[in-house]
Trainee: 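Below is a structure I'd like to ask you about.
Here, residue 1 is the first one in the sequence, and each next residue gets the next number. What you see is a predicted model; the values in this text were computed from it and never measured.
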Amino acid sequence: MIAMTLDKIAVFYADQKKFVEARDAMLRSVAIRAHFHAMGISQQATTAFSENKLPEVRAFYQRGLIVLGEPNPVTVVV
């Protein structure tokens with residue numbers, strides 16, 4: 001819900017020609033979605049680990065890290 005709200009805020013800012021604020025809201029929205037997508041992938045890795053499917057575990061974690069990428073506003077501490 002927060003990501004969707006940020007999307008709407010970005011549109012609102014863009015309509016008012018406040019492009020820096022619009023970009024910031026959109027980046028935050030994308031970062032939130034990436035964070036939760038990566039968490040889902042991590043849960044898949046945990047399931048694979050419990051089933052002793054180690055090659056799949058590694059693949060899931062690598063995929064999760066790619067999703068987060070860098071820099072990522074969720075993981076960057078200012």
Trainee: Report the distance from atom OG1 of T5 to atom CZ of F12, rounding to the nearest 0.5 Å.
Mentor: 14.0 Å

Trainee: If hydrophobic clusters are built by linking Ile, Leu, Val, Met, Phe, Trp and Tyr wherever their side-chain heavy atoms come under 4.5 Å apart, do L27 and M4 end up in the same one?
Mentor: no

Trainee: Measuring from I9:CD1 to R28:CZ, what's the distance to the nearest 0.5 Å?
Mentor: 12.0 Å

Trainee: How long is the gap from CD on Q44 to OH on Y61, to the nearest 0.5 Å?
Mentor: 11.0 Å

Trainee: Give a yes or no on whether I2 atom CD1 has more than 12 heavy-atom contacts from other residues, nucleotides or ligands under 6.0 Å away.
Mentor: no

Trainee: Do I41 and V57 belong together in a cluster built from hydrophobic side chains that touch within less than 4.5 Å?
Mentor: no

Trainee: Just distance, no hydrogens or angles: give the donor-acceptor pairs under 3.5 Å from side chains in residues 15-26, sequence neighbours left out.
Mentor:
none

Trainee: According to the salt bridge (charged side-chain N to carboxylate O under 4.0 Å, His left out) rule, which pairs have a member within residues 53-63, sequence neighbours left out?
Mentor: E51-K53

